[in-house]
*Asks:* 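I have a structure here, written as structure tokens, and I will follow up with some questions on it.
Here is how names work: the chains are called A, B, and so on, in the same order as the sequence lines, proteins then strands, and each is numbered from 1.
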Amino acid sequence: MIIEKLEQALLSTISKLTSENKSKQNITFSRFSDVSSNISFLLAPVLKNSPANIADKIIKDFHSDDITNIKSLNGGFLNFTFTENALKNELMEILSNSNYGKKTANGKRVNIEFISANPTGPLVLVNARAGFTGMLLSNIMQFAGYETDKEYYVNDSGNQIGMFGMSILYHISNNCPDEFPENGYRGLYIKDIAETIKSESGTLDWNNENIKKCSDRGIEYILKWQKKSLNEFGIEFDNWTYESNIRKSGFIDRTIDLFKEKGLLEEKDNAVFFRSSGIYDDKDRVIIKSDGTYSYLLPDTAYHFNKIERGYDIIIDILGPDHHGYINRLRSAVHTINEKIEIRVLIAQLITLLKNGEKFEMSKRQGDFITFDELKENIDIDVLKFIFLMRKMSQPINFDIEEAKKQTMDNPVYYVQYAHARICSVFDKAGVKKCPNSIDEKIFTIPEARELILKMMEYPYIIYSIAQTFEIQKVGVYLTELAGLLHKFYHNHRIISDNVDDMNNKITLLWGVRKIISNGLKMMNIKPKTRMENNEV
RNA sequence: GCGCCCAUAGCUCAGUUGGAUAGAGCAACGGAUUUCUAAUCCGUAGGCCACAGGUUCGAAUCCUGUUGGGCGUACCA
């Protein structure tokens, strides 16, 4: 890639001026030329010289076959202009390399866990955001050279599960308590599950065995439902890990032993505390409660122990917005197990669904939450994906469902899809089945063509930067920009013409654009459209 | 009280390892079309980047303080 080559050339020029290693990515796409660098400003303090002077020295010494012009502007910004031949070569690489920009494997393994909703109810709105985000992030990390596993953790043990079992059994037991369990599950689906069990096993007595029976059968029912929802939303996992298996596997004892060994356990008020306060946390945390049961942290730590033992270098957890206070104690725990492991806990922020500016209440059938099933009925999933993924995950979203429907035409996802479909449509019209792969470099004297190839070149760097910063919204923003340039080119330059050479040049260029748009959409798990259908809205 | 996140155009939001004139879409106004699908393009208007200091050659971006909002602060999960 010519950006890489330029970086190399620049570094080698600089190395003659100073031994100081400036290994930062200093090349940026610029509105003053093709690309620019602020390196002279960064070197100024080191070389004790003005940026303008340093820029002049660099220019004097700099050589690259790809660069036709280099100049210093505004006190020392270096501005490079590529030769048309270099741009042509880049386009050919985009066309010939089926994985343009994809990095070779770096040997690092990433575990990315997301959603992990309790198996006590259907998936809801915020799970969709975490799900889309997890899928995208996983694709991005793969592109950037990591080996990734997407993981779903099933919390099928603990208090909530007992409560879940009781809530079900309550409906099909003769001798249950007078009162429905406090904090029990009240969704209508609970009754459905109860009816199913009743049809299988008849009425059941109220005892622990039957509570367990109900929770087991209930979990099975819910997981099936959740998996169906995930499938409909295009969210896939490589691993499903069950808390019950973690509990059986001995990792809990090993966690306790390890913490004890490190002197990080303390008994107080009949409970056992993990001394997390000195690590990342601001206070110590209970791991075994005074009644002898575990708090959530202990099995979850054991689970992370298990992940670490499976050999991951980086562990990413995408959690819901109510887990804010949990991050530091988890980091403390992971750090205690193995301080070399990089753990990144991300929070997918709250989504408020609105309808005409008012908080949207869906049917009360499942309680107060908006389920995947209800979402699917109300909105196109690809639209939802794009809108969710265009926001940075730290930003809460107010999402007006009516507006998304009503403004379908102006929805950013359609803007991008239309660019893709437009290219397909032109190719169709021109009867092109294969890329002509012939391009005269003179096409890059057309400003819009130049903008397009430069934007295409940026694609891999957008993805690499997301792999570092997790700012997933950049993909959608980038695609919108690329689509905008395509629309502009299309509008100003007729593609189909009697001049076969000219036509082939443009088709070759657009072939590249289509490929990048398609790659970007696929990264987001959105299917590129080959034609736009009229939506009845 | 303490901790974390946030505050950018009328609205929804982009814009951070500090960079050159702060952007897009919607909404408003004006133009382009009997098209390679106008689901598009071009233009006008709209900003004290919450406020006040500081660091720097340079700040929406970093630091401190203030104001306003969200979340967390369980022997819940």
*Asks:* If you pin A:Ser157 and A:Phe489 to their nearest nucleotides in RNA chain B, which one's is more 5'?
*Replies:* A:Phe489
*Asks:* Please tell me if A:Lys283 has a side-chain N or O lying less than 4.0 Å from either OP1 or OP2 of B:C75.
*Replies:* no
*Asks:* For a quick check of understanding: with a heavy-atom distance under 4.0 Å over all strands, which category does A:Ser36 fall into, base, sugar-phosphate or nothing?
*Replies:* base
*Asks:* What's the closest nucleotide to the side chain of A:Arg31 if the choices are B:G23, B:U37, B:A77?
*Replies:* B:G23
*Asks:* Please measure how far the C1' atom in B:C29 lies from the corresponding atom in B:G10, and state the result in whole Å.
*Replies:* 15 Å
*Asks:* Using atom P in both nucleotides, what's the gap between B:G47 and B:G72 to the nearest angstrom?
*Replies:* 37 Å
*Asks:* In whole angstrom, give the distance that lies between atom NZ of A:Lys488 and atom C1' of B:A24.
*Replies:* 14 Å
*Asks:* Under 4.0 Å, counting only non-hydrogen atoms across every strand here, what does A:Phe427 touch: a base, just sugar-phosphate, or nothing?
*Replies:* nothing
*Asks:* Using the benzene-type ring in the case of Trp, are the ring centres of A:Phe62 and A:Phe80 under 6.0 Å apart?
*Replies:* yes
*Asks:* Considering only B:C42, B:A77, B:C5, which nucleotide approaches the side chain of A:His324 most closely?
*Replies:* B:C5
*Asks:* Quick one: A:Tyr490 OH to B:C36 P, roughly how many Å, whole number?
*Replies:* 7 Å
*Asks:* Mind checking the C1' distance from B:U61 to B:G54? Whole angstroms is fine.
*Replies:* 15 Å
*Asks:* Is there a side-chain contact between A:Asp281 and A:Ser332 (heavy atoms, below 4.5 Å)?
*Replies:* yes
*Asks:* Applying side-chain contact (heavy atoms from CB on, under 4.5 Å), name anything that partners A:Asn270, two or more places apart in sequence or on another chain.
*Replies:* A:Ser290
*Asks:* So how far is it from A:Tyr414 OH to A:Asp380 CG, rounded to the nearest 0.5 Å?
*Replies:* 4.5 Å
*Asks:* Which is true for A:Ser30 with a 4.0 Å heavy-atom rule: it touches a base, it touches only sugar-phosphate, or it touches nothing?
*Replies:* base
*Asks:* Atom CG of A:Asn38 and atom P of B:G58: how far apart are they, to the nearest Å?
*Replies:* 16 Å
*Asks:* May I ask whether A:Tyr415 stacks on the base of B:A39, given the cut-offs of 5.5 Å between ring centres and 30° between planes?
*Replies:* no
*Asks:* In terms of the nearest nucleotide of RNA chain B, which residue is placed more toward the 5' end: A:Tyr294 or A:Arg422?
*Replies:* A:Arg422
*Asks:* How is A:Asn159 classified with respect to the nucleic acid when contacts are heavy atoms under 4.0 Å: base, sugar-phosphate, or nothing?
*Replies:* sugar-phosphate
*Asks:* Taking the side chain of A:Leu73 as heavy atoms from C-beta outward, which of B:U37, B:A20, B:C75 is closest to it?
*Replies:* B:A20
*Asks:* Please walk me through it: do A:Tyr303 and A:Phe251 pass ring pair (Phe, Tyr, Trp, His ring centres under 6.0 Å)?
*Replies:* CA-CA 7 Å; A:Tyr303 169 47; A:Phe251 273 97; 9.7 Å; no
*Asks:* Across the strands shown, which category fits A:Ser290 at heavy-atom distances under 4.0 angstrom: base, sugar-phosphate, nothing?
*Replies:* base
*Asks:* Does the side chain of A:Arg391 get closer than 4.0 angstrom to OP1 or OP2 of B:C13 through an N or O atom?
*Replies:* yes
*Asks:* Which part of the nucleic acid, if any, lies within reach of A:Asn328 when heavy atoms closer than 4.0 Å are counted: base, sugar-phosphate only, or nothing?
*Replies:* nothing
*Asks:* A:Arg531 near the nucleic acid: base, sugar-phosphate alone, or nothing, with a heavy-atom cut-off under 4.0 Å?
*Replies:* base
*Asks:* Run the side chain to side chain donor-acceptor pair (under 3.5 Å) test on A:Ser497 and A:Asn499 for me, step by step, so that the C-alpha distance in whole Å, both residues' side-chain angles and the decisive distance to 0.1 Å come before the verdict.
*Replies:* CA-CA 5 Å; A:Ser497 75; A:Asn499 183 338; 5.5 Å; no
*Asks:* Name the closest nucleotide to the A:Arg329 side chain, picking from B:A77, B:C41, B:A14.
*Replies:* B:A77
*Asks:* Take A:Thr81 and A:Asp34 through the test side chain to side chain donor-acceptor pair (under 3.5 Å) and record every step on the way to the result.
*Replies:* CA-CA 5 Å; A:Thr81 306; A:Asp34 290 344; 4.9 Å; no
*Asks:* Evaluate A:Glu448 against A:Tyr490 for side chain to side chain donor-acceptor pair (under 3.5 Å), listing each step before the verdict.
*Replies:* CA-CA 9 Å; A:Glu448 291 90 341; A:Tyr490 177 93; over 6 Å; no
*Asks:* Heavy atoms from C-beta onward define the side chain here; which of B:A77, B:A14, B:C36 lies closest to that of A:Gln473?
*Replies:* B:A14
*Asks:* Using whole Å, what does the distance between atom P of nucleotide B:C13 and atom CD of A:Glu471 come to?
*Replies:* 17 Å
*Asks:* Taking any heavy-atom pair under 4.0 Å as a contact, classify A:Phe41: base, sugar-phosphate, or nothing.
*Replies:* base
*Asks:* Between B:U33 atom P and A:His487 atom NE2, what is the distance in whole Å?
*Replies:* 20 Å
*Asks:* Atom CZ of A:Phe29 and atom C1' of B:A14: how far apart are they, to the nearest Å?
*Replies:* 18 Å
*Asks:* Remember a base hit wins even if backbone is also touched, and classify A:Gln468 as base, sugar-phosphate or nothing at under 4.0 Å, heavy atoms.
*Replies:* nothing
*Asks:* Given the rule that a pair is Watson-Crick or G-U wobble with both distances under 3.5 Å, how would you write RNA chain B in dot-bracket, using | for pairs to a different strand?
*Replies:* (((((.(..((((.....[...)))).(((((.......))))).....(((((..]....)))))).)))))....
*Asks:* Can you tell me how far C1' of B:A14 sits from CD1 of A:Ile387, to the nearest Å?
*Replies:* 15 Å
*Asks:* List the steps and the verdict of side chain to side chain donor-acceptor pair (under 3.5 Å) for A:Asn505 and A:Thr508.
*Replies:* CA-CA 5 Å; A:Asn505 285 340; A:Thr508 306; 5.6 Å; no
*Asks:* Using a cut-off of 4.0 Å on non-hydrogen atoms, how would the nucleic acid contact of A:Asp281 be classed: base, sugar-phosphate, or nothing?
*Replies:* nothing
*Asks:* For B:U37, take OP1 and OP2 only and decide whether either is under 4.0 Å from a side-chain N or O of A:Lys429.
*Replies:* yes
*Asks:* Between B:A77 and B:U67, how far is it from one C1' atom to the other, in whole Å?
*Replies:* 35 Å
*Asks:* When the P atoms of B:A7 and B:G15 are compared, how many Å lie between them, rounded to an integer?
*Replies:* 10 Å
*Asks:* Examine the base of B:A77 for any acceptor or donor lying under 3.5 Å from a partner atom in the side chain of A:Asn183, and report the outcome as yes or no.
*Replies:* no
*Asks:* Of the nucleotides B:G19, B:C42, B:A39, which has the atom closest to the A:Met532 side chain?
*Replies:* B:A39
*Asks:* Heavy atoms from C-beta onward define the side chain here; which of B:U16, B:A39, B:A77 lies closest to that of A:Lys474?
*Replies:* B:U16
*Asks:* State whether A:Lys392 places a side-chain N or O below 4.0 Å from either non-bridging phosphate oxygen (OP1 or OP2) of B:C5.
*Replies:* no
*Asks:* Could you tell me if A:His323 and A:Asp317 have a donor-acceptor pair between their side chains, going purely by distance under 3.5 Å?
*Replies:* no
*Asks:* Can you tell me how far C1' in B:G23 sits from the matching atom in B:U16, rounded to whole Å?
*Replies:* 16 Å
*Asks:* Without decimals, in angstroms, what is the distance between A:Leu389 CG and B:U12 C1'?
*Replies:* 16 Å
*Asks:* Quick one, A:Phe32 with A:Phe77, criterion ring pair (Phe, Tyr, Trp, His ring centres under 6.0 Å). Give me CA distance, side-chain angles, the key distance, then yes/no.
*Replies:* CA-CA 10 Å; A:Phe32 300 96; A:Phe77 288 95; 7.8 Å; no
*Asks:* Using atom P of each nucleotide, how far apart are B:A74 and B:A60 to the nearest Å?
*Replies:* 39 Å
*Asks:* Between B:A39 and B:C26, how far apart are the P atoms? Round to whole Å, please.
*Replies:* 13 Å
